[in-house]
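Contents: one structure, followed by commentary.
By convention in this document, chain letters (A, B, ...) are assigned in the order of the sequence lines, proteins followed by strands, and residues within each chain are numbered from 1.
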Amino acid sequence: MSHSEAHSAIVAPTGTWWRPAGKQEKMWVSIAFVWCLVLFAMMPFWHLKGGQNPSGVRARVSNVDFMARVEKFVADYKVGEDNGVPVVAPPPGSDIYLQGQMWRWYPVLKLKQGVQYTLHLSSLDINHGFNLYPVNLNFQVIPGYDYGLKIVPNKAGDFRIVCNEFCGINHHMMVGKVIVE
Amino acid sequence: MSTMVEALAGRTIRSRTCEVTGLRVEWHAETLIKVNAVIAVVNFLVGIVAAFGIVMTRWQAVHLLPADLFYRFLTLHGLNMLIFFIIFFEMAVLYFAGPVLLSCRLPAPKWGWLAFALMVTGMLMVNATVLAGKADVLFTSYPPLQAHPLYYLGIILFAVGALIVTALFFATLVVARRERTYEGSIPLVTFGALTAAIIAVITLLHGAAIYIPTFLWSLGLMHVDPQVYRMVWWGLGHSSQQINVAAQVSLWYLLAGLTVGGVVLNEKISRMAFVLYILFISMASAHHLLVDPGMGPAWKIWNTSYAMYLAVLASMVHGFTVPAGIEMGQRLRGYTRGTFEWLKKAPWSDPGFSGMALSVVIFGFLGGVTGVTIGTEQINIIAHNTLRVPGHFHTTVVGGTALVFMAVTYYVLPLIFRKRVAFWGVAKIQPYLFAIGIVILSMSMIFQGIFGVPRRHWDVSFANAPFAVEYHPAVQLFQATMGIGGLLAIAGGLAYILIAVVTVFFGRPFRLADAHDSSGMPQGVWRLPRQTHEGAQVAAAHRTGTPGTLVLVFIFFACFVLYYFANWKILSFLWKVG
């Protein structure tokens with residue numbers, strides 16, 4: 001097959017069709033390849049320089065153990081109740097816990113602005129989705145796994161946690177609360 | 001039309017010669033194309049009915065369905081559209097790209113019919129279980145959420161059937177080669193279909209690896225880890241979308257040839273791009289696990305980028321070679337003036353062409369750009385499980401795949417069913433109606449997702465929730481546009497079904513001898529453009545190259561870069577997390 005032959009994609013090509021690409025095609029493939037490398041490099045780069053990464057401290061955990069940690073956390077730092085859910089104000093820099101279950105987030109968290117906490121997420125039953133409203137941070141919450149994320153709230157306010165993984169008929173009622181002062 | 005019955009090595013082969021393309025069409029292959037396509041359209045109708053319920057519920061001003069029915073319809077919609085409609089259609093594509101394009105008999109046709117029976121049985125079992133309310137687990141059925149065992153069994157039967165069809169496709173390639181039904185290498189369209197078939201095998205093996213244990217788990221016989229399930233299930237769930245991509249790109253090349261005589265710029269480049277899909281695309285399971293607790297950053301980065309975005313490279317290559325092939329084909333037909341005469345003089349009233357062209361644009365500009373962006377490890381933090389995700393995949397799998405399936409239907413009806421397309425006037429505008437609807441719907445979903453609105457959610461007004469949540473007022477506007485876009489797309493989808501059903505069952509027969517009456521015949525059928533070119537003009541066309549396409553891809557590239565970095569910027573404003 002030579003440069004003086006062209007055919008559509010339903011024609012079986014005969015002869016040697018393995019030949020160099022045209023100039024424009026080569027240019028586009030090169031640009032696309034370099035762009036792919038940029039796309040790739042951005043992710044490690046953000047781990048080094050960026051402030052938002054989903055790495056966390058990850059571990060397996062049994063429901064019983066996680067529930068025990070949550071209960072101890074609530075007992076230690078409980079400062080009140082909101083809508084029947086305990087409000088917990090942990091000390092700056094501490095490990096804090098949020099438990100998802102059909103169909104509530106437990107407990108309500110009261111945090112300080114500009115301080116780092118390690119937020120542990122897990123579920124007692126099925127998959128749930130952690131969505132911080134209105135910041136729009138999203139993480140998957142899976143039973144049997146402890147997802148420990150180092151977070152720094154950068155603004156004071158009244159935040160919500162919306163469940164955004166389908167978890168049964170009352171999924172739409174699963175809303176929690178975070179207060180940042 | 002000539003029908004042949006011949007005896008070959010003790011077998012009786014019934015076939016006819018297509019008067020448009022000159023290809024030999026064997027009876028079993030042709031009939032299996034027909035039945036698979038018909039069932040695909042039936043599933044598409046089920047999916048559309050469900051879509052109406054879903055979009056009219058998510059539009060809070062209407063809020064049509066109660067919660068249980070909403071999630072049931074959502075389950076039904078995902079399964080019938082993403083699995084049944086698309087895979088039945090792809091089975092038809094395999095029977096076309098193998099036996100028909102290679103003018104070969106279908107080996108072991110009985111297995112084709114067995115596979116079809118298995119797939120229909122599986123499909124009916126799944127739909128019956130869902131409709132009975134025994135499988136409100138959504139498309140993904142993440143354990144420990146559990147469906148009735150028949151649900152998993154139905155999917156297993158369906159997958160076994162599909163696996164048999166891919167095996168028949170591979171067998172066809174062997175038989176065609178041995179019986180020398182073609183010369184040289186297999187056509188690019190068949191090569192693309194081969195890519196789809198290989199990815200289908202990888203995908204279906206993942207499917208077996210997850211649905212068989214899950215079936216046993218539903219019977220109480222074993223344990224399934226929720227995180228492992230998510231990883232292996234998405235080896236099926238995402239990779240099956242890559243079957244669609246490979247099939248869809250093959251159909252772009254097919255329609256480019258049939259409608260305007262689009263040529264293959266360079267066989268090597270296009271085929272290498274398909275090979276990249278095979279090598280890397282199954283890694284995309286990671287797209288769904290970027291903010292999961294089970295995997296670390298190295299695993300996430302390597303897998304979400306398909307090694308180093310090599311499958312994205314493949315799509316960017318096809319995104320150039322398909323329009324460039326069309327441009328060169330048009331230039332060879334004499335549309336050589338300026339940069340864009342080839343585009344202006346393209347057959348925009350041929351739904352086969354317009355549907356294909358819109359599919360390329362929607363898949364590339366919206367689907368590809370949004371997909372790569374939200375599939376970035378860190379950017380996924382602001383996209384995971386929000387409406388941005390379904391917004392994205394409605395531009396790939398609906399605006400890309402389903403739309404090109406519709407476009408090719410306008411050629412399948414006259415060429416395989418041998419009927420004139422009914423309601424030709426409606427058919428000419430149907431791709432535009434569907435495309436506009438899908439674009440409005442998807443962009444409205446993406447904008448809502450940027451405000452954090454969740455996907456798969458019955459009531460984002462949170463009327464009964466313990467703590468009030470009130471989204472930005474713009475969300476209400478985007479809900480209304482989502483509703484309108486959805487209704488337009490549904491109208492476009494129903495028009496497609498109406499045209500297909502009326503044509504198949506009541507259509508006027510089509511013969512090339514009556515070509516003076518072109519009603520109901522796409523222009524590529526009654527005047528098939530030249531599929532091969534030779535001589536000095538080809539060399540000249542290669543020298544000119546494709547300046548118009550070059551302009552288009554650079555516009556695309558600018559949009560891509562802008563959207564990608566805008567998302568990093570948004571991410572940088574959030575709470576520090578790590």
Side-chain angles (χ1 to χ4, degrees), chain A residues 3-14 17-18 21-22 24-25 28-29 32-33 36-37 39-40 43 46-47 50-55 58 83 126-127 129 131 133-140 142-145 147 149-154 160 162 164-166 169 172-173 175 177, chain B residues 67-68 138 142 144-145 182-185 187-189 226-227 253 257 263-269 291-293 297 301 305 308-309 312-313 316 320 377-378 381-382 384-385 452 454 456-459 462 464-467 469 531-535 538-539 542 545 550 571 574-578:
Chain A
H3 269 283
S4 59
E5 190 274 353
H7 59 268
S8 82
I10 64 170
V11 176
T14 50
W17 47 259
W18 186 274
Q24 293 167 342
E25 211 172 359
W28 177 248
V29 174
F33 183 65
C36 288
L37 294 181
L39 293 174
F40 182 74
M43 293 185 286
W46 203 260
H47 275 280
Q52 295 79 17
N53 289 289
S55 315
R58 293 159 289 105
N83 247 327
I126 60 178
N127 274 263
N131 164 257
Y133 162 92
V135 182
N136 196 16
L137 287 176
N138 302 279
F139 295 97
Q140 188 77 19
I142 303 182
Y145 290 82
Y147 204 168
L149 294 157
K150 294 192 168 58
I151 56 163
V152 184
N154 63 1
R160 297 285 178 271
V162 173
N164 67 6
E165 183 60 79
F166 171 67
I169 193 74
H172 58 280
M173 287 164 59
V175 176
K177 187 172 176 178
Chain B
D68 57 343
L138 303 192
Y142 293 135
L145 205 59
Y182 67 98
E183 271 181 67
S185 310
L188 182 60
V189 173
Q227 178 73 80
Y253 282 114
V263 299
V264 182
L265 232 49
N266 184 297
E267 291 278 358
K268 176 179 77 174
I269 296 287
V291 293
D292 272 26
I301 292 175
S305 68
M308 297 201 293
Y309 285 100
V312 172
L313 177 66
M316 287 178 78
F320 175 84
E377 189 203 7
Q378 294 91 346
I381 294 174
I382 56 173
H384 181 71
N385 276 357
R456 296 177 157 186
H457 203 284
W458 176 63
D459 181 18
F462 300 94
N464 299 312
F467 304 106
V469 178
Q531 300 293 302
T532 53
H533 301 267
E534 270 167 33
V538 178
H542 273 293
L550 219 51
L571 182 71
L574 305 187
W575 289 17
K576 287 234 174 352
V577 60

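- A pairwise comparison of heavy atoms in Val263(B) and Ala6(A) identifies CG1-CB, 4.0 Å as the closest pair.
- Of all the listed residues (Arg456(B), Glu534(B), His457(B)), the one sharing the greatest number of non-hydrogen pairs under 4.5 Å with chain A is His457(B).
- Minimum heavy-atom separation, Ala21(A) to Asn266(B): CA-ND2, 3.2 Å.
- The main-chain N or O of Trp18(A) is never found under 3.5 Å from a side-chain atom of Glu267(B) such that the two would form a donor-acceptor pair.
- Trp46(A) touches chain B through backbone and side chain together, each having a heavy atom under 4.5 Å away.
- When each of Lys150(A), Gln24(A), Gln52(A) is checked for heavy-atom pairs under 4.5 Å with chain B, Gln52(A) comes out on top.
- Counting heavy-atom pairs closer than 4.5 Å to chain B, the top residue among Lys177(A), His47(A), His172(A) is His172(A).
- Between chain A and the residues Ile269(B), Asn385(B), Thr532(B), the largest count of heavy-atom pairs under 4.5 Å involves Asn385(B).
- Contact annotation for Pro134(A): neither backbone nor side-chain heavy atoms come within less than 4.5 Å of a heavy atom of chain B.
- Among the candidates Val312(B), Asp292(B), Leu188(B), the residue making the largest number of heavy-atom pairs closer than 4.5 Å to chain A is Asp292(B).
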message: Please determine whether side chain to side chain contact (heavy atoms under 4.5 Å, CB included) holds for the pair Phe33(A) and Met316(B), giving the CA-CA distance in whole Å, both sets of side-chain angles, and the decisive distance to 0.1 Å.
response: CA-CA 9 Å; Phe33(A) 183 65; Met316(B) 287 178 78; over 6 Å; no
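- Annotation: Lys268(B), atom NZ; neighbour count of heavy atoms from other residues, nucleotides and ligands within 6.0 Å is above 12.
- With rounding to the nearest 0.5 angstrom, the CD atom of Gln378(B) is 7.5 Å from the OG atom of Ser55(A).
- Contact of Tyr253(B) with chain A is made through backbone and side chain together, with heavy-atom distances under 4.5 Å.
- In this structure, chain B has heavy atoms under 4.5 Å from both the backbone and the side chain of Phe139(A).
- For Val11(A), the parts sitting under 4.5 Å from any heavy atom of chain B are the backbone and the side chain alike.
- Of the inter-residue distances, the one linking Met43(A) atom CE with Tyr309(B) atom OH reads 3.5 Å to the nearest 0.5 angstrom.
- Closest heavy-atom contact between Ile382(B) and Asn136(A): O-ND2, 3.2 Å.
- With a 4.5 angstrom heavy-atom cutoff, Leu574(B) touches chain A via backbone and side-chain atoms both.
- Side chain of Tyr145(A) to backbone of Pro226(B): no donor-acceptor contact under 3.5 angstrom is found.
- For the set Trp458(B), Tyr182(B), Phe462(B), Phe320(B), the entry with the most heavy-atom pairs within less than 4.5 Å of chain A is Phe320(B).
- For Pro54(A) against Tyr147(A), the heavy-atom pair with the smallest separation is O-OH, 2.5 Å.
- The candidate from Leu37(A), Val29(A), Asn127(A) with the greatest count of non-hydrogen atom pairs under 4.5 Å with chain B is Asn127(A).
- Among Asp68(B), Ile301(B), Val469(B), Leu265(B), the residue making the largest number of heavy-atom pairs under 4.5 Å with chain A is Ile301(B).
- Taking chain A as the reference chain and counting heavy-atom pairs below 4.5 Å, the highest number among Ala465(B), Pro454(B), Gly257(B) is found for Ala465(B).
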